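Computed from a prediction, not measured in an experiment: that's the story for all the values here. Order of appearance sets the numbers: ligands from 1, and atoms from 1 within every ligand. Note: hydrogens, waters and symmetry copies are ignored here, and every other heavy atom, side chains too, is used.
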Amino acid sequence: MSFPTHRPRRLRRTEAIRDLVRETDLAPRHLVAPLFVKEGIAEPAPISSMPGHAQHTLESLRKQGRELAEAGIRALLLFGIPAGKDPEGSEAWSEEGIAQQGLRALREELGEEVVLIADLCLCEYTDHGHCGVLSGEDVDNDRTLERYRRVATSQAAAGADLVAPSGMMDGQVAAIRDALDAEGFTDTPILAYAAKFASSFYGPFREAAEGAPRFGDRRTHQLDPANGDEALREIRQDLSEGADIVMVKPALACLDVIRRASEETGAPIAAYNVSGEYAMVKAAAERGWLDERQAALEVLTAIRRAGADLVVTYHARDAAGWLGA
Ligand code: PBG
C-alpha cells in the first residue's frame, strides 16, 4: 500500500490544474467602485489617506466614471460632499445637490452601461457630522427617517439605479421603500447597509467624505463589533422591510458575518471593503512590506469566498486591470 492515498498536492501541480479546480471566481463584474464628488472645487483634491483616490469635480467625476467603465467596472457608488452644511443636512435632498448633479453627469456620460448606486446618509451634509437630525446630542431616529425619504426620492429622480441607505436608523428600509413607491419609483431597488459595525476602519473615509462627527461617535446606531447574532437579526429585518440587496461592512473584519448572511438568508449579499482596509494594504505596500497586487486580490477573493456576491472596493479599478477585463 502506498502512502498517503490522498495527495492534495496533485491538484496544485500546475497553474492550469489549479485553474481547473478553483472554487471562487473574482471578476470585474463583482466589484463596485466608490467615488466622491465635491461641490465648489475647481480641481480634484487627492485624499491623502487613500492614495489613488480624490474628491472629484463634476468634470473629473465623469472622466473617472468613463475610465472605470472602460476597465470593466459595472457599478459605481457615489458620495456627495456639499459646499454648505446645516443641522438638517438639507443639501442631501436638494434637486441641485452635488450628489444629484453627480448622478446626472454620470448618467449622461455613461448611459445605461454602468449601474449608479447612491449612498444615502446625512453625515456628509450635516454641520455636526451625524447621520441624522439631532435631538439633544443623540440622533433622532424617526425625524431622520423623514429626511431619508426625501433623499431617496431625489436621488431616484436624479437617475440613481439603486439607493443605498447607510445611516443604520431603525426602519430606514421600510421608510425609503414606502417613499420610493409613493413617488412612482417602484422599480428602484434598495441596497441596504444592513449590518454596519461601529468600526475604526472608516477613518480614511471620514477625510474623504468630510463626515466625521464633531462630537460623540456612532455607537448608538452602528453595530457593536462583538455581535454576530445581532448582525443577522439586522439583516433579516432589512430583508423583511424590503431590502433587495443587503450589505455587510466592514468586509475583511466580518468575513464570518458575510458567510452567515449568505448561508442563512440566500439573499444577494454585498460587502464593503472599507477605507481603512484599503489604506492598510496601500500603506504596507508603499513600505515594501507586501505586494499590493497579490494582497488586494487575495483580500477580494477571500470576501467573495466568504459569500459576498458584490464587493465594494477602492481597489476596483486596479483589480479590474489585474484581472483583465
Ligand atoms: C456613512 C458612511 C461611512 C462609510 C460609508 N458610508 C462612514 C461612517 O459610517 O462613519 C464608510 C466607508 C469607508 O470607510 O470606506 N454614511
Salt bridge present between Asp161 and Arg107 (N-O < 4.0 angstrom):
yes
Looking at non-hydrogen atoms alone, which of Arg206, His53, Met247 comes nearest to atom 8 (C) of ligand 1?
Arg206
Please identify which atoms of ligand 1 are closer than 4.0 Å to at least one heavy atom of Tyr272.
12 (C), 15 (O)
Heavy-atom contact under 4.0 Å between Ser166 and ligand 1?
yes
Quick one: does any side-chain atom of Ser275 pair with a main-chain N or O of Phe205 as donor and acceptor, under 3.5 Å?
yes
Inspect the contact between Arg260 and Glu263 and indicate whether a charged nitrogen and a carboxylate oxygen are less than 4.0 angstrom apart.
no
For the pair Arg12 (side chain) and Ile17 (backbone), establish whether a donor and an acceptor sit closer than 3.5 Å, ignoring hydrogens and angles.
no
Out of curiosity, is Met168 lining ligand 1, as in a heavy atom under 4.0 Å away?
no
Please verify whether a non-hydrogen atom of Phe79 lies at under 4.0 Å from ligand 1.
yes
What are the atoms of ligand 1, with element, lying closer than 4.0 Å to any heavy atom of Cys123?
1 (C), 16 (N)
In ligand 1, the atoms that come under 4.0 Å of a heavy atom of Lys249 are 2 (C), 3 (C), 4 (C), 5 (C), 6 (N), 11 (C), 12 (C)
Can you sort out which atoms of ligand 1 are near Cys121, meaning under 4.0 Å from one of its heavy atoms?
16 (N)
Quick check on side chain to side chain contact (heavy atoms under 4.5 Å, CB included): which of Lys63, Gln64, Glu43 does His56 satisfy it with?
Gln64
For Lys196, state whether at least one heavy atom is located under 4.0 Å from any atom of ligand 1.
yes
Please check if the side chain of Glu230 supplies one atom and the backbone of Asn227 the other of a donor-acceptor pair under 3.5 Å.
no
Numbered atoms and elements of ligand 1 in range of Arg218, under 4.0 angstrom, heavy atoms
8 (C), 9 (O), 10 (O)
Mark yes or no: Lys249 above the aromatic ring of Tyr202, with NZ or CZ under 6.0 Å from the six-membered ring centre and no more than 45 degrees from the axis.
yes
Out of Tyr278, Phe197, Phe205, whose heavy atom is nearest to atom 12 (C) of ligand 1?
Phe205
Partners of Asp178 by salt bridge (Lys or Arg N to Asp or Glu O under 4.0 Å), sequence neighbours excluded?
Arg149
Give a yes or no on whether a salt bridge exists between Arg104 and Glu95, defined as a side-chain N under 4.0 angstrom from a carboxylate O.
no
Identity and separation of the nearest protein heavy atom to atom 14 (O) of ligand 1
Ser275 OG, 2.7 Å
Within a distance under 4.0 Å of any heavy atom of Tyr314, pick out the atoms of ligand 1 and give their elements.
12 (C), 13 (C), 15 (O)
